[in-house]
Chemist: 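Pasting a structure below so you can have a look.
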Amino acid sequence: MGTTLVVAAIVIAAVVVRTAVAELREPGSGRRQWSFLSDFRALSAGAISALALGLLGWRQAGGEGLVWAGLAGILVAFAMGQGRRSR
């Protein structure tokens, strides 16, 4: 399970670095990228995805499946929030 946590942490770190680079190029873009945290629709889609994948992942791989399900839920919410721009 240690390897799974390291890989998941690397993926999350890559998303954070991507945000930091975008923020350096264009100030304010980081806030727009992480606006999914206040978007109910994006968070709901991420939570539903994480729950569904978590149930399947738990049956197939135990704790490692939960880690990947949580990461997938975060990435789904992140992707859903990118299409909507707050005004």
Side-chain angles (χ1 to χ4, degrees):
M1 180 142 160
T3 306
T4 299
L5 290 175
V6 170
V7 173
I10 289 170
V11 171
I12 291 172
V15 171
V16 171
V17 168
R18 176 181 175 256
T19 301
V21 169
E23 183 70 25
L24 288 173
R25 290 183 181 163
E26 180 185 345
S29 64
R31 184 174 302 174
R32 284 192 303 274
Q33 285 184 0
W34 289 88
S35 65
F36 75 92
L37 293 173
S38 61
D39 184 2
F40 180 74
R41 189 177 127 212
L43 287 177
S44 297
I48 291 169
S49 298
L51 180 65
L53 292 172
L55 292 173
L56 292 172
W58 179 258
R59 292 186 62 154
Q60 296 294 320
E64 290 180 358
L66 293 179
V67 171
W68 288 112
L71 180 61
I74 292 169
L75 292 175
V76 165
F78 185 77
M80 292 274 306
Q82 297 302 306
R84 300 180 63 169
R85 299 289 182 220
S86 58
R87 295 178 185 179

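Along the sequence shown, residues carry numbers from 1.
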Chemist: Search all heavy atoms of Ala77 against all heavy atoms of Phe36 and return the closest pair with its distance.
Modeler: O-CB, 3.4 Å
Chemist: Show the nearest heavy-atom pair for residues Val15 and Leu75, with the distance to one decimal.
Modeler: CG2-CD2, 4.1 Å
Chemist: Give the cluster check for Val6 versus Ile12: same hydrophobic cluster or not, with ILVMFWY residues linked at side-chain heavy-atom distances below 4.5 Å.
Modeler: no
Chemist: State, with a plain yes or no, whether a side-chain heavy atom of Thr4 is found less than 4.5 Å away from one of Trp68.
Modeler: yes
Chemist: Side-chain heavy atoms nearer than 4.5 Å, only ILVMFWY residues, links allowed to pass through others: does that put Val7 and Leu71 together?
Modeler: yes
Chemist: On a heavy-atom basis, which atom in Trp58 and which in Leu66 lie closest, and how many Å separate them?
Modeler: CE3-CD1, 3.3 Å
Chemist: Could you pull out the closest heavy-atom pair between Val67 and Ala8, with the gap in Å?
Modeler: CG1-CB, 3.8 Å
Chemist: Nearest heavy-atom pair of Ser35 and Gly81: which atoms, and what distance?
Modeler: OG-O, 4.3 Å
Chemist: Just how far is it from atom CD1 of Ile48 to atom CG of Leu43, taken to the nearest 0.5 Å?
Modeler: 11.0 Å
Chemist: With sequence neighbours left out, which residue pairs that include part of residues 8-28 fulfil the side chain to side chain donor-acceptor pair (under 3.5 Å) condition?
Modeler: Thr19-Gln33, Thr19-Trp34, Glu26-Arg32
Chemist: Please check if the side chain of Ser29 supplies one atom and the backbone of Ala22 the other of a donor-acceptor pair under 3.5 Å.
Modeler: yes
